[in-house]
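Letters A, B, ... are given to chains in the order of the sequence lines, protein chains preceding strands, and every chain is numbered from 1.
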Amino acid sequence: MQYWLMKSEPDTFGIDDLAARKNATEHWDGVRNYQARNFMRDRMKVGDQILFYHSACKTPGVAGIARVVREAYPDHTARNPESKYYDPKASDDDPRWYMVDVQFQRKLSRLITLKELKGNPALDGMALLKKGSRLSIMPVEEAHWRAVLAME
DNA sequence: GCCAACGTTGGC
DNA sequence: GCCAACGTTGGC
């Protein structure tokens, strides 16, 4: 069992949007960063737990929990010229970009804000809190996972 | 809206 | 392979 943090902009797709999806499941398309892609493609397994993080919004923070329900497969939006995620370098032979499916588990009883996370010494060293960290998908250590949920 | 940090692109 | 220019992310 591994733990992850995935960022999403709530104005576009927040935890409530995930909960409202059919089967509360959505494919995580549009990832166009190699490091984030590699985490999905090479390491994510069905059953892994995810902190659903709201970014680029008024109050950034952890909003809920999701889990991986399908392992990496080609991100078809890369092959669609109509998509804003279109990548002309993606091909059938080399899909280049991948996505996983994630399912809503639960919403936290309250938003645990970035500010609070930064103030928790138990989270020292967490990738999310490192200066200049822009990765949209990152692994979370089990101790950090527990410490975040203990703040709920 | 600003800007720091970071990733990607492309000329050389 | 270097690195300047550019684009994006995301907190504030």
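- In this model, the phosphate group of dG10(C) is approached by a side-chain N or O of K7(A) to a distance below 4.0 Å at OP1 or OP2.
- Listed nucleotides: dT8(B), dG11(C), dA5(B). Nearest to the side chain of Y53(A): dG11(C).
- Distance, N38(A) CG to dG7(B) C1': 14 Å, rounded to whole Å.
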- Kindly determine whether M138(A) and W4(A) satisfy side chain to side chain contact (heavy atoms under 4.5 Å, CB included), including the steps that lead there. CA-CA 6 Å; M138(A) 58 188 97; W4(A) 304 93; 6.0 Å; no

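- Distance CZ (R37(A)) to P (dG7(B)): 14 Å, rounded to an integer number of Å.
- Listed for the D94(A) side chain is no donor-acceptor partner under 3.5 Å among the backbone atoms of S91(A).
- K115(A) comes within 4.0 angstrom of no nucleic acid atom, judged by non-hydrogen atoms across all strands.
- Of the candidate nucleotides dA5(B), dC12(C), dG10(C), dC12(C) has the atom lying nearest to any side-chain atom of L114(A).
- Aromatic ring centres of W97(A) and Y34(A) lie closer together than 6.0 Å.
- If you check dG10(C), dC12(C), dT8(B) against the side chain of S55(A), the one that comes closest is dG10(C).
- Within the 4.0 Å cut-off from OP1 or OP2 of dT9(C), not a single side-chain nitrogen or oxygen of K131(A) is found.
- Residue L111(A) contributes atom CG, which lies 12 Å from atom P of dG11(C) at whole-angstrom precision.
- Whole-Å rounding puts the R32(A) CZ to dC6(B) C1' distance at 19 Å.
- Side-chain proximity of K89(A) to the nucleotides dT8(B), dG11(C), dT9(B) is greatest for dT9(B).
- Rounded to whole angstrom, the span from the CD atom of E116(A) across to the C1' atom of dG11(C) amounts to 16 Å.
- The distance between atom NZ of K130(A) and atom P of dG10(C), rounded to the nearest whole Å, is 17 Å.
- Between W28(A) and Y73(A), the gap from one ring centroid to the other reaches at least 6.0 Å.
- Between K58(A) atom NZ and dC12(C) atom P the separation is 15 Å, expressed in whole Å.
- For K84(A) and dG7(C), the NZ to P distance is 17 Å, given to the nearest whole Å.
- Closest to the side chain of A56(A), from the set dT8(C), dG10(C), dT9(B), is dG10(C).
- Under a 3.5 Å cut-off, the side chain of S8(A) and the backbone N or O of F13(A) do form a donor-acceptor pair.
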